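Values below: all heavy atoms of this structure, side chains included; hydrogens, waters and symmetry mates excluded. Quick caveat, the model's predicted, so the values are computed rather than measured. All chains are named by letter (A, B, ...) in the order of the sequence lines, taking the proteins before the strands, and each is independently numbered beginning at 1.
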2 protein chains.
Amino acid sequence: MSSETLKIPQATAKRLPLYYRFLKNLHSAGKLRVSSAELSEAVKVDSATIRRDFSYFGALGKKGYGYNVDYLLSFFRKTLDQDELTKVALVGVGNLGTALLNYNFLKNNNTKISVAFDIDEAKIGSTMSGVTIYHMDDMEKVLTELGITIAILTVPAPFAQSITDRLAQANVKGILNFTPARLTVPATMRVHHIDLAVELQSLVYFLKHYGVNEVEELEEVEE
Amino acid sequence: MSSETLKIPQATAKRLPLYYRFLKNLHSAGKLRVSSAELSEAVKVDSATIRRDFSYFGALGKKGYGYNVDYLLSFFRKTLDQDELTKVALVGVGNLGTALLNYNFLKNNNTKISVAFDIDEAKIGSTMSGVTIYHMDDMEKVLTELGITIAILTVPAPFAQSITDRLAQANVKGILNFTPARLTVPATMRVHHIDLAVELQSLVYFLKHYGVNEVEELEEVEE
DNA sequence: AGTTTTATGTGAAATGGATAACAATGTTTT
DNA sequence: AAAACATTGTTATCCATTTCACATAAAACT
Ligand SMILES: NC(=O)c1ccc[n+]([C@@H]2O[C@H](COP(=O)([O-])OP(=O)(O)OC[C@H]3O[C@@H](n4cnc5c(N)ncnc54)[C@H](O)[C@@H]3O)[C@@H](O)[C@H]2O)c1
Ligand SMILES: NC(=O)c1ccc[n+]([C@@H]2O[C@H](COP(=O)([O-])OP(=O)(O)OC[C@H]3O[C@@H](n4cnc5c(N)ncnc54)[C@H](O)[C@@H]3O)[C@@H](O)[C@H]2O)c1
């Protein structure tokens, strides 16, 4: 059970990067203070939830005043380890992988795709946005050399599991999985699924079956 | 108004497309029946949760036997409106938008990006993967003509809100938002955020602070 | 200085969802 | 056809998260 940081709820942890991003916006805009109500309006999270989230880290605000933007910002910078660059690998430089490669995650998070892998000879050896694309055969070697423990997976689904097994061997601890495959991993690894087809399909389902609030007020009908 | 389909929990609704996808796999593989335990192994959802999810739709299985793959598949096809093609629009044909355009959502869901919009004159009028790219000026007109009510948003963040307002005017009801902006929408609309930077950053946070079961001897997943 | 306003931090309650456990019931075996 | 077996559907329980609501304290105003 690691870490000094007492375990905050996962739901809270997922919102931290969001808070951080908007605090940076506020800072750039020259704002000196912010209330949970204002922040709520910006990030679309209930203000009580924001206060509760912040409270896990102690008393960061002042009653009757709100939160000091600079203080909060530097607190979250530390909490999110934004002083240290996090290097990640990209596996599969196709349509989606290329889009991710060209995106500058550095700008907002201190995170960078530092290396990429593929099997397409046409791509291997070249660089995209300054990132070298290596052959899959060299994956384990390069990853361990660079000490990379996080990978983004954008290969065709049938290869996802076997590549995941190799990543596990290479000491990778986290995978951002864009393939539709549901990966089996050792308990020491963590996978975040970003399943675009599911997102799209479930949005369709919600719209068709939850008929967005059209009649909202009328319903009290408990069955 | 929200349909005869009693309102199932949102968490369940989000899993339906996943179940559907794996049932199709099973069907293709020639499987005739499946138990909640088998399905659980495949989709990585607890078997009790699967049974609970299914039970919202009535008794779909048989005790001592499991579920008939064909029956379940056709039931979910209907439930997910997979007989009817759902047309969606793409706004912003850049790095990410292009990747999405080139992806065939039709293959798995009966969903298709049918039209795209941009402001880049170099792209306007051309087609990508058979999809015509129109000028933003024509957006409202084209959307209402085609009766499209779902849009994927992949434009630079500063434009996200104003375009969203226009989409709302054009009777769009659902947005799949890839921009880091948190959109303000009328109560009649639904937004699903896919925030790639947040996903990546929160994965990093979890790995650093939740120290994935390093020493704790968690036994392997059953099998 | 005193009063009013503002907004935090947090107990308590409400909501929403996941899981354990098992009786019920059908299937398969002998 | 009876016994053994498998697996559902569901009840009860648990857990995580959200939200309410307000005492508290600082800030702003007069
Ligand atoms: N593009 C999208 O919008 C989209 C949407 C939903 C899901 N996905 C999923 O994301 C994944 C990637 O999609 P894509 O559109 O970028 O596919 P793609 O075919 O364009 O790219 C796949 C890349 O992986 C490489 N590759 C193939 N086999 C490999 C292997 N064994 N090892 C390493 N690299 C290998 C290919 O050379 C190619 O560069 C797929 O699983 C797809 O289902 C993509
Ligand atoms: N590419 C990624 O991997 C990635 C990752 C995280 C977030 N995002 C977000 O997704 C969005 C798109 O990213 P991208 O990398 O594709 O950007 P991009 O710059 O490659 O593409 C943006 C596209 O939008 C078009 N556009 C600009 N202004 C427009 C307007 N007013 N109306 C219509 N179209 C307009 C541009 O012509 C361009 O084609 C951005 O908000 C970005 O922050 C992208």
Side-chain angles (χ1 to χ4, degrees), chain A residues 6-16 18-19 23 26 31-69 71-72 75-76 182 193 202 205-206 209-210 216 219-220 222-223, chain B residues 6-16 18-19 23 26 31-72 75-76 193 202 205-206 209-210 218-219 221-223:
Chain A
L6 30 155
K7 280 244 221 86
I8 60 172
Q10 303 219 355
T12 297
K14 284 200 182 174
R15 284 187 291 266
L16 296 183
L18 196 61
Y19 295 146
L23 285 170
L26 291 175
K31 278 214 100 191
L32 297 179
R33 62 186 257 192
V34 67
S35 67
S36 59
E38 281 177 278
L39 204 47
S40 168
E41 172 55 26
V43 300
K44 309 281 189 255
V45 171
D46 187 274
S47 70
T49 300
I50 292 177
R51 292 198 298 280
R52 169 85 55 201
D53 283 348
F54 287 4
S55 79
Y56 292 115
F57 299 99
L60 303 178
K62 273 193 277 188
K63 298 190 178 182
Y65 174 89
Y67 302 89
N68 178 292
V69 171
Y71 177 74
L72 213 50
F75 181 86
F76 279 119
R182 251 37 198 182
H193 294 277
S202 71
Y205 182 87
F206 277 118
H209 294 260
Y210 285 63
E216 196 179 12
E219 252 68 73
E220 202 86 2
E222 38 222 287
E223 262 108 320
Chain B
L6 29 155
K7 281 247 221 87
I8 61 172
Q10 302 220 354
T12 296
K14 284 202 182 172
R15 284 189 290 266
L16 297 183
L18 197 61
Y19 296 146
L23 285 170
L26 290 175
K31 278 214 101 190
L32 298 178
R33 61 187 255 191
V34 66
S35 67
S36 60
E38 281 177 278
L39 204 47
S40 169
E41 172 57 25
V43 300
K44 308 282 190 258
V45 171
D46 188 274
S47 70
T49 300
I50 292 177
R51 292 197 299 280
R52 161 95 44 213
D53 283 348
F54 287 4
S55 78
Y56 291 116
F57 299 99
L60 304 178
K62 276 193 276 190
K63 298 190 178 185
Y65 175 89
Y67 302 89
N68 180 292
V69 172
D70 282 6
Y71 176 74
L72 212 51
F75 180 86
F76 278 119
H193 294 277
S202 72
Y205 183 87
F206 277 118
H209 294 260
Y210 285 61
L218 280 195
E219 58 249 67
V221 206
E222 81 308 332
E223 205 279 325

Whole-Å distance between [N] [atom2] and [X] [atom1]?
X	N	atom1	atom2	answer
I50(A)	dT8(C)	CD1	C1'	13 Å
K7(B)	dG17(C)	NZ	P	11 Å
Y210(B)	dA16(D)	OH	C1'	12 Å
K14(B)	dA18(C)	NZ	P	11 Å
E38(B)	dA6(D)	CD	P	13 Å
L60(B)	dT10(D)	CG	P	11 Å
D53(B)	dG16(C)	CG	P	16 Å
D46(A)	dA14(C)	CG	C1'	13 Å

Determine the contact category for Y67(A): base if any of its heavy atoms lies under 4.0 Å from a base atom, sugar-phosphate if only primed atoms, P, OP1 or OP2 are that close, otherwise nothing.
sugar-phosphate

Selected nucleotide, minimal atom distance to R51(B) side chain, candidates dA12(C), dA7(C), dC22(C)
dC22(C)

Closest to the side chain of Q10(B), out of dG17(C), dT7(D), dT8(C), is dG17(C)

What class does the angle between the rings of F76(B) and F57(B) fall in, given that below 30° is parallel, 30 to 60° is tilted and above 60° is perpendicular?
perpendicular

Test item: [X] and [Y] side chains (from C-beta on) under 4.5 Å apart, heavy atoms:
X	Y	answer
Y210(B)	I8(A)	yes
I50(B)	V43(B)	yes
E38(A)	K31(A)	yes
Y67(A)	L23(A)	no

Using the closest heavy atom to pick a nucleotide of DNA chain D for each, name whichever of T12(A) or G58(B) lands nearer the 5' end.
G58(B)

Is there a donor on the side chain of R52(B) or the base of dT19(C) sitting less than 3.5 Å from an acceptor on the other?
yes

Do the side-chain N or O atoms of T49(B) get closer than 4.0 angstrom to the phosphate oxygens (OP1, OP2) of dA18(C)?
no

With a 4.0 Å limit, can you tell me whether S36(B) has a side-chain N or O closer than that to the phosphate oxygens OP1/OP2 of dT7(D)?
no

Quick one: closest heavy-atom pair of V34(B) and L39(B), and the distance?
CG2-N, 4.1 Å

Heavy-atom count around K14(B) NZ within 6.0 Å, excluding the residue itself: above 12?
no

Anything under 3.5 Å between a protein N or O and an N or O of nucleotides 24-30 of chain C, put it in a table, one pair a line.
from: dT28(C); atom 1: OP1; to: R33(B); atom 2: NH1; distance (Å): 2.9

